[in-house]
Structures are given as C-alpha cells and as structure tokens.
Peer 1: 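First the structure, which I've put down as structure tokens, then a few questions once you've had a look.
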Amino acid sequence: MLDFGLELGNNDFSISAIWVDARAAGFVKRTVFQTIKLLRESLLPASIGVAAWASLLSCQPQNVRDEKSLRVQLAHEMRHHSYESAVPLARRVIRIAPQDQKAWKRLVQAQIALHDFEGARVSLSDWRATVRPLSARVDEFEGDMLHEEGNSGGALEAWQRSIAIQAKSRRVLAKIAALEQRHERWSEAIAAWTRALQVHDNATARINRAVCHRRLRHWNEAFEDLHHAQKLGSDDPEVQRWSRLFETVSKFLDEIREFDARVTAIPDDSGLLADRALLMLRSGDAELALDDTEQAIKLAPWAVRPRLFKALALIALNRGRECEDLSVRLPLRIESLTSEFLETISRIDSAISVERGNPDHYAARAWQLNEIGQPLLGFADAQIAVRLDAKSANGWAEVSYALTKLGRGQEAFDKIKQATELDPELATAWQYRGELEMAHGDNLAAIDSFSRALSIEKTSAALQKREESYRRLGLRARADDDHRALQELTSRALR
C-alpha cells in the first residue's frame, strides 16, 4: 500500500491516507483523479498543477508492496528462528535499502545463529563500508562471535569498542560484566555491573554484583545488593538461589569476619586459610572454601588438610571428578571428618612443615588417612616415610594397608611381613598381618599373628579376629575363651 499526503497551500484543508489497494486499483485511481479535478477547480491555486499529482501516482506501488512484504516476512522468520530462510530475505531487503541498519542487523544475527561466522564477518565488513553512521551493533556482533569461538580477550575488546559508540547499552555492559565475572576478575566485574546499574537498576545486575562483592569478602556491599535484588526481583530464580546461600552464610558471618581480619593480617598462613575454608564449607559457601584451599595448597603443598577441604568443596560444586587429581577417593563427606581427626591432621601438617624429613610424621599421617578410607593419600605418605627411612616398620605397615585397599593384596602381604620383621614389637603390624592371613584362608598363621599382637597390646580388634579364626578351625573352646576376654575388656572400657 502507498500513503499519499497533501497540504493545500494556505487553505485549512488536507488530504491524507489516500491508499492505493491492488484489489481495487481502478476504482481508487478514478476516485483520486476526480478528487484532484474538484480541488483544482475549487481550491487549488493555478500554480499547483495536476502534473505533480500524476507524477506521484505514476510511481510503482507493486515494488513498494513487495518491499514491505519482504520486511514482514523477514521479521516473521527471525521471530520463529527460521534463520536459513531469513538470510536471503535480509539480503534482498539490503539490496533495495542498503542503508537499512535493521536489515543488516537481522542478516548478521541469522548468520551467527547458524554459526556461519565466516559469512557473518563478510556481512559485518560490508555493513561497516556501506552504512553511516556506524552502528554499535557491528562491534557487538564481532564480540559475540569471538566469545563463541573462545576468544574472550578479543570479545572484550570488541564489546568495549561497541560501548565507546553507545555508552548506555545495558545489553553490552551486561556482556562485559558477565565475562569479567566468569574469569573471576571480580573488581572489573563489579565496575562493569555498576555501569550497567547506572543505566538501569535491575535484579540481575544487583545479584551478580552481590556475588562479586562476596568473592572479595565485601560483606556489607554484598548484602546491600542482595537486599536490592530481592526487592526488584523476588521471583527471579537466581535471586532465590543466591538468597538461600546468603541466608546460611549470614548465620556464620561474625566468625567469618573474624577470620577475614586474621587472614588479612597474616595472608600467607596456610593453616589459617584451611581453617577459614572449613568454616566456609560449614556455612555452605563451597566457592569461597575452594578459593582458600587453592591458596593454602600453593603455600603448603605438603599439607593434607587443605587437600581434603578442596575435595569437599569440589564435591559440593558438583565437580567430584576433579578429586582424582587430588588423590582423594570418593565418597567423602564433611561429617566423616571428626573433630579429633581434624585436630590430629592439623597437628601433623604443622609438624611436617617444621620437620620435612621426619619419616614418623608421614607414617602417622598415613595411618590417619588410611583410617578414614583415603588409601591413595595414605599410600603417598607411607611411601615418603619408607623413602626417608627404609627401616620404618610403621611406614611399611601403612604401605601394606593402603595397598590392600587399592586391590593389590599380594604386594600388601609382602610389605606387612617386612614390617613385622623390621620391628617384631609393632602390635599393629602383627594384627594387620593376621587379618591378611585370614583373608588368604591361612587361619593357623593368622592365629599366630594375632597372638603376637595380643602379647604386645591387648585390643578388642585382635581378640575378635582371633576368636573368628578359632571358630573357622572348629576350636570352639578357645574361641569361647577369646569371647569372654573380649567381653571383659569391653566392660572395663565402659567403666
């Protein structure tokens, strides 16, 4: 359809919206010419001739209708994500109207959606060369493609060029902020979210800035942004998710602030960082716990406690597979690490930091790790112990225990025999030797090993295992004797 508007000189009369419809073109044309004739005779001055109007009517309404139809169809295809159909339509519109920024935008959008980055770059180059003034969307699209290709640095530069043209583009500012945040450049992300908020205050920018402040432990600013986000978007899923975490953290906030102050005063204390990591795990903030454990491991690679806490953080973040790189075996739960265990491991870590060459420290830590079901870590410590002292019976005993848990039974038996030979007075080695002999079906040898262990130190575990070995051999009287001794030992322990 074609719109005609007519201003009639100084007269208070105008004709507008005289539409030419293809289905009734003859009738409309006759009506228009009759109207013009009437106006010419009654109102129009002689200087305005019919020739001008005839010229207007001689234009090609079919072409105009075709162009409008193309635009409508292009918008429809883009709206329904029919990008393959949209690309040729956009090109046809551009041929008709090469200065049309919207047509160029839709062409590039469709090509990017199709991952035709080569074609999109050609279109961007043509867009740059053809249209003035330059659209900020050109650099934005360039950044989008670079980001899709994994070139974060190039994407950031392109988006910043786009912002230089259109400083208040909330969309591009959000892309920059999200990229900085993803790469854990917290201060830069905060600055970008702040710029976005200056353009438009909204829940998404607020909650993301709160998260960034939290990573820098700017607690006042983080909670302030959280509360604003809750007011602006209480139904937003991200606001609700982060609200739950902040609510849990708030219960520990006084303790966290105290640790923050101590870490600020002594930033290179790996033990202090591990302590704060444990607190963050208990407060439900695995990301901050992970930050602390990674820093602690860099400062004290020999320490085990930060390694265990890092594994717990990774598990909480659904990244449990990465625990393999830490030699941590799953499952592992924070509840399984008793306060006694944590205190002992902390003390041994501190001792190793002072005496790196003491095999007894490593053997003791290997025992603790084997007891909580971490044979890989236990094996590593036990190997260090026997490397430092090849005659370390405790070290070989822990090597044996770890090897058993790792499914290397024969090697384990050879190492436990070596331990008992090196130190015939090591009760734990004899007891574990007896357990391996039971596993191999050699109950007589097991009874002898348990008896050696009990002669050094009477324990309920050794009595129980020897009783079981007696019963396997049908020696009920002796088994009953061990059962009564076990009951007596247990009752004494309960007194």
Peer 1: So, for P306 and I297, which heavy atoms are closest and what is the spacing to 0.1 Å?
Peer 2: CB-CG1, 3.8 Å
Peer 1: Give the minimum heavy-atom separation between F246 and A210, together with the two atoms involved.
Peer 2: CZ-O, 3.9 Å
Peer 1: V239 vs S234, test: side-chain contact (heavy atoms from CB on, under 4.5 Å). Steps then yes/no.
Peer 2: CA-CA 7 Å; V239 172; S234 59; 6.0 Å; no
Peer 1: L124 versus M145: any side-chain heavy-atom pair under 4.5 Å?
Peer 2: yes
Peer 1: May I have all residue pairs that pass salt bridge (Lys or Arg N to Asp or Glu O under 4.0 Å) and include part of residues 261-288, sequence neighbours excluded?
Peer 2: R214-D285, R214-E287, R215-E287, D260-R276, D275-R305, R276-D292
Peer 1: Working to the nearest 0.5 Å, report the span between CG of L337 and CD1 of I372.
Peer 2: 5.5 Å
Peer 1: Do the side chain of R132 and the main chain of R128 share a donor and acceptor less than 3.5 angstrom apart?
Peer 2: yes
Peer 1: Okay, side chain of Q383, backbone of V399: is any donor-acceptor separation there less than 3.5 Å?
Peer 2: no
Peer 1: For Q73, give me all partners under side-chain contact (heavy atoms from CB on, under 4.5 Å), at least two apart in sequence or on another chain.
Peer 2: E77, L89
Peer 1: Quick check on R321: does its CZ atom have over 12 non-hydrogen neighbours (other residues, nucleotides or ligands) under 6.0 Å away?
Peer 2: no
Peer 1: Heavy-atom count around E411 CD within 6.0 Å, excluding the residue itself: above 12?
Peer 2: yes
Peer 1: List in chain and number order the residues that pass side-chain contact (heavy atoms from CB on, under 4.5 Å) with R356, two or more places apart in sequence or in another chain; answer none if no residue qualifies.
Peer 2: W302, I352, Y362
Peer 1: Side chain to side chain donor-acceptor pair (under 3.5 Å) with R92: which residues, sequence neighbours excluded?
Peer 2: none
Peer 1: Under the rule for side-chain contact (heavy atoms from CB on, under 4.5 Å), what residues qualify as partners of H147, not counting sequence neighbours?
Peer 2: A155, W159, L179, R182
Peer 1: Apply side-chain hydrogen bond (donor to acceptor under 3.5 Å, both in side chains) to residues E180 and W193 and explain how you reach the verdict.
Peer 2: CA-CA 10 Å; E180 299 284 21; W193 285 123; over 6 Å; no
Peer 1: Taking side chain as C-beta onward, heavy atoms only, is L278 less than 4.5 Å from L312?
Peer 2: no
Peer 1: Which heavy atom of S135 sits nearest to which heavy atom of I165, and what is that distance?
Peer 2: O-CD1, 4.5 Å
Peer 1: Under the ring pair (Phe, Tyr, Trp, His ring centres under 6.0 Å) test, which residues partner Y83, sequence neighbours left out?
Peer 2: H81
Peer 1: Which atom pairs, one a donor and one an acceptor, fall under 3.5 Å between side chains of residues 248-256 and the rest of the protein, sequence neighbours left out?
Peer 2:
from, atom 1, to, atom 2, distance (Å)
T248, OG1, R244, O, 3.1
S250, OG, E247, O, 2.5

Peer 1: Looking at residues at least two apart in the chain, or sitting in another chain, which of them share a salt bridge (charged side-chain N to carboxylate O under 4.0 Å, His left out) with R95?
Peer 2: none
Peer 1: For R319, give me all partners under salt bridge (charged side-chain N to carboxylate O under 4.0 Å, His left out), at least two apart in sequence or on another chain.
Peer 2: E322
Peer 1: Looking at every heavy atom in both S243 and L226, which two are closest together, and how far apart are they?
Peer 2: OG-CD1, 3.6 Å
Peer 1: Spell out, as yes or no, whether a donor-acceptor pair under 3.5 Å connects the side chain of E142 to the backbone of G154.
Peer 2: no
Peer 1: With S123, which of Q111, R91, Q109 fulfils side chain to side chain donor-acceptor pair (under 3.5 Å)?
Peer 2: Q111
Peer 1: Rounded to the nearest 0.5 Å, how far does CG of L146 lie from CZ of R121?
Peer 2: 5.5 Å
Peer 1: Using 0.5 Å steps for rounding, measure from the CE atom of M280 to the CG atom of L273.
Peer 2: 12.5 Å
Peer 1: Where do A110 and A86 come nearest, in terms of heavy atoms and distance?
Peer 2: CB-CB, 4.2 Å
Peer 1: Apply the test side-chain contact (heavy atoms from CB on, under 4.5 Å) to residues K405 and N370: give CA-CA distance (whole Å), side-chain angles for both, the deciding distance (0.1 Å), then the verdict.
Peer 2: CA-CA 9 Å; K405 297 299 181 182; N370 281 328; 5.6 Å; no
Peer 1: Under the side-chain contact (heavy atoms from CB on, under 4.5 Å) rule, what do V328 and Q374 come out as? Steps first, then yes or no, please.
Peer 2: CA-CA 6 Å; V328 173; Q374 292 300 326; 3.6 Å; yes
Peer 1: To the nearest 0.5 Å, what is the distance between CG (L314) and CG (L290)?
Peer 2: 5.5 Å
Peer 1: Please determine whether side-chain contact (heavy atoms from CB on, under 4.5 Å) holds for the pair Q166 and V172, giving the CA-CA distance in whole Å, both sets of side-chain angles, and the decisive distance to 0.1 Å.
Peer 2: CA-CA 9 Å; Q166 191 174 352; V172 179; over 6 Å; no
Peer 1: Is Q99 atom CD crowded by more than 12 heavy atoms from other residues, nucleotides or ligands, each under 6.0 Å away?
Peer 2: yes
Peer 1: Quick one: do R71 and D66 make a salt bridge, cutoff under 4.0 Å?
Peer 2: no
Peer 1: CD of E371: more than 12 outside heavy atoms within 6.0 angstrom?
Peer 2: yes
Peer 1: Quick check: does any side chain N or O of H80 sit under 3.5 Å from a backbone N or O of H76, one acting as donor and the other as acceptor?
Peer 2: yes
Peer 1: Under the rule for salt bridge (charged side-chain N to carboxylate O under 4.0 Å, His left out), what residues qualify as partners of R137, not counting sequence neighbours?
Peer 2: E140
Peer 1: Using the test ring pair (Phe, Tyr, Trp, His ring centres under 6.0 Å), find all partners of H227 that sit at least two apart in sequence or belong to another chain.
Peer 2: none
Peer 1: Taking only residues two or more places apart in sequence or in another chain, which ones pass side-chain contact (heavy atoms from CB on, under 4.5 Å) with I94?
Peer 2: A103, W104, L107
Peer 1: For T194 and I190, indicate whether the former's side chain and the latter's backbone hold a donor-acceptor pair under 3.5 Å.
Peer 2: yes
Peer 1: Distance check, rounded to the nearest 0.5 Å: N202 atom CG versus L232 atom CG?
Peer 2: 7.5 Å
Peer 1: For the NE2 atom of H218 and the CH2 atom of W186, what is their distance to the nearest 0.5 Å?
Peer 2: 12.5 Å
Peer 1: Quick one: closest heavy-atom pair of K168 and V199, and the distance?
Peer 2: O-CG1, 3.4 Å
Peer 1: Using the rule given for salt bridge (charged side-chain N to carboxylate O under 4.0 Å, His left out), can you reason through D349 versus R307, listing the C-alpha separation, both sets of side-chain angles and the distance that settles it, and then say yes or no?
Peer 2: CA-CA 11 Å; D349 280 351; R307 194 176 295 269; over 6 Å; no
